[in-house]
Trainee: 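Okay, handing you the structure first.
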2 protein chains.
Amino acid sequence: MRATVPITVNGLKSACSQCNLVELCLPFGMPDSELSRLDELVGARRKVKRQQNLYRAGDPFEAIYAIRAGSFKTDVLLEDGREQVTGFQMTGEILGLDGISTEAHSCNAVALEDSEVCVIAYDKLEQLSHQIEGLQLQFHKVMSREIVRDHGVMMLLGSMRAEERLAAFLLNMSQRFNARGFSSQEFNLRMTREEIGSYLGLKLETVSRAFSRFQEDGLISVQQKHVQLLDPAGLKRLIQHQQGVR
Amino acid sequence: MRATVPITVNGLKSACSQCNLVELCLPFGMPDSELSRLDELVGARRKVKRQQNLYRAGDPFEAIYAIRAGSFKTDVLLEDGREQVTGFQMTGEILGLDGISTEAHSCNAVALEDSEVCVIAYDKLEQLSHQIEGLQLQFHKVMSREIVRDHGVMMLLGSMRAEERLAAFLLNMSQRFNARGFSSQEFNLRMTREEIGSYLGLKLETVSRAFSRFQEDGLISVQQKHVQLLDPAGLKRLIQHQQGVR
DNA sequence: TTTTTTGGTTGACGTGGGTCAACGAGCTTG
DNA sequence: CAAGCTCGTTGACCCACGTCAACCAAAAAA
């Protein structure tokens, strides 16, 4: 991932106060004075190789994780083997919040590429948010954002047709790459068609066809995982003016 | 709602320490010593008539709500009018967590029947969870549970067929009625077929047909909103052994 | 380099669930 | 107790997406 280079170069210390991801991550919006106190929060860092699990459903919950470099997917498995990808996470985003409720993780987190996370011991986080003014609020916002995001996915899955789902997905990725200082027009997806399909409630063939359709219509240009959004406004229109209904 | 009678009779004080819903609600698991301090948290109570909004998407976020009596749905609307029901909430459950992230609500909460909620001012909650040991953890668990629940819905929507979705829905309702001291075998749904459909990503006709199918197969007995689960194990089997695949 | 594997594309065909429409059963309102 | 709702059921038809299969490109292994 070309994106990780500047981060790993700058960020050899694991201190939040030194990290260039602050404004995407848990400490967002906290004053510098409080920020330095967060440094004690991030115990260790942990590298996770592509395809490896950061945690699995059922693992005891001890920590949440902030992605320093790389990206992940989270998924839930049914007894009969069906998989539902519940999200894709990028740098600065927090993984593991699902574990708090039952003190065990309820989904799997798998690295989509070689990645690195900051390990945030949960008991320490609890303690520190008692003490630090802004941290508690910030943490609540992170959890709340996750809930809102999930509602958006439910909207996708429950009431959009295939091409609308993919358009929404691409616009979302675009916006998130952009927030990380990358082009919003052009990026490399880290996940396979099958993973996109699982996330969007579609089969990989349907995803592939929708990609091709968008390309024919001049909305995007795709080659494998490389995507260019040629007409983002067109994609947005596709979502809003529902054509066929569902 | 017959269910509400014992609650309204006992609970004329709004104090958490007097409320028989504690073990379903925010204070779950907190020692009595701390529980009494929560009483200051619940400022007012608010009645919401059937079909009325508790809050709307875009409303400034000031409080979260604990359902004292009745039930609600939450939904998200798309510009073109499509609606996605994101959840159904029963007594003891918490509404409004979506508002924390942006300080504005991101969905609508509508009463399915005449209902009553405890208004929990959010700033007070923040303060108090700084002070009270167990409250912070408990609140985090409530939020985390919401995230896990949403992942379950994504599983439903993304990888189950119509009858599996309805079976999962019915079993979930059954379990929640049971947790509230009602029969798990027999209950009255509070929502219409259309609302169930929106929640499950199906059209009302499909929901209706699935109900009829279950009745033909002797799994349930339905008449309008009244449902009896004749063979809960059969419903469970339906979900696990995926027959047609998707 | 060739070989193998994995991921992606495309076509032909089938079907689950959406669409449209008619009708009936409860509620509500006058 | 009609009259007018809203909500639920059922049938006939259809289409978006799933299924199955062949094939190709890229990446990894050898």
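Letters A, B, ... are given to chains in the order of the sequence lines, protein chains preceding strands, and every chain is numbered from 1.
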Trainee: Check every atom of D:dC17, D:dT10, C:dT10 against the side chain of A:R161 and return the nucleotide holding the closest atom.
Mentor: D:dC17
Trainee: Please work out if B:S212 contacts a base, only the sugar-phosphate, or nothing of the nucleic acid, heavy-atom cut-off 4.0 Å.
Mentor: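 Sugar-phosphate, no base atom in range.
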Trainee: Does a side-chain N or O from B:K225 land closer than 4.0 Å to OP1 or OP2 of D:dG8, or not?
Mentor: yes
Trainee: Just how far, in rounded Å, is P of C:dG17 from CD of B:E163?
Mentor: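 So the CD-P distance, B:E163 to C:dG17, works out to 8 Å.
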Trainee: Figure out the CG/P separation between A:N188 and D:dA27, and round it to whole Å.
Mentor: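 Going from A:N188 (CG) to D:dA27 (P), I get 10 Å.
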Trainee: Is it true that B:E164 and A:R82 have a side-chain N and a carboxylate O under 4.0 angstrom from each other?
Mentor: yes
Trainee: Working to the nearest 0.5 Å, report the span between CD of B:E186 and CD of B:Q228.
Mentor: 4.0 Å
Trainee: Give a yes or no on whether a donor-acceptor pair under 3.5 Å exists between the nucleobase atoms of D:dC7, that is its base, and the side chain of B:E194.
Mentor: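 Between D:dC7 and B:E194, which were checked side chain against base, a qualifying N/O pair under 3.5 Å is absent.
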Trainee: Starting at the 5' end of DNA chain D, which residue's closest nucleotide do you reach first, B:E216 or A:A162?
Mentor: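 Its nearest nucleotide being more 5', the pick is B:E216.
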Trainee: Kindly assign one of parallel, tilted or perpendicular to the pair B:F177 and B:F182, based on the angle between their ring planes and the thresholds 30° and 60°.
Mentor: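 The rings of B:F177 and B:F182 stand perpendicular, inter-plane angle above 60°.
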Trainee: For C:dG17 and B:R209 - does any side-chain N or O of the residue sit under 4.0 Å from the phosphate oxygens OP1/OP2?
Mentor: no
Trainee: What integer distance in Å separates B:R213:CZ from D:dG11:P?
Mentor: 13 Å
Trainee: Using atom CG of B:L204 as one end and atom P of D:dT6 as the other, report the distance to the nearest whole Å.
Mentor: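 Rounding to the nearest Å, CG of B:L204 and P of D:dT6 are 14 Å apart.
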Trainee: Take atom CG of A:L157 and atom C1' of D:dC17, then tell me their distance rounded to the nearest Å.
Mentor: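 For the pair A:L157 CG and D:dC17 C1', the rounded distance is 15 Å.
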Trainee: Would you say B:T206 reaches C:dG18's phosphate, i.e. side-chain N/O to OP1/OP2 under 4.0 Å?
Mentor: yes
Trainee: Roughly how many Å is it from CD in B:Q215 to P in D:dG8, rounded to a whole number?
Mentor: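 Value for this atom pair: 15 Å.
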Trainee: Under the criterion side-chain hydrogen bond (donor to acceptor under 3.5 Å, both in side chains), I'd like the reasoning laid out for B:D59 against B:H105: C-alpha separation, chi angles, the key distance, then a yes or no.
Mentor: CA-CA 5 Å; B:D59 283 357; B:H105 288 286; over 6 Å; no
Trainee: Is any side-chain N or O of B:Q224 under 3.5 Å from a base N or O of D:dC7, one able to act as donor and the other as acceptor?
Mentor: no
Trainee: What is the distance from CD of B:E205 to C1' of C:dG16, rounded to the nearest Å?
Mentor: 14 Å
Trainee: Between the side chains of B:K73 and B:E83, is the shortest nitrogen-to-carboxylate-oxygen separation below 4.0 Å, so that they form an ion pair?
Mentor: yes
Trainee: Examine C:dG26: is either OP1 or OP2 under 4.0 Å from a nitrogen or oxygen in the side chain of B:Q223? Give yes or no.
Mentor: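 The answer is yes; a side-chain N or O of B:Q223 sits under 4.0 Å from OP1 or OP2.
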Trainee: What is the distance from NE2 of A:H226 to P of C:dG8, rounded to the nearest Å?
Mentor: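 Rounded to whole Å, this separation is 15 Å.
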Trainee: Hey, does B:L202 reach any base, or is it just sugar-phosphate, or nothing, if we go heavy atoms under 4.0 Å?
Mentor: sugar-phosphate
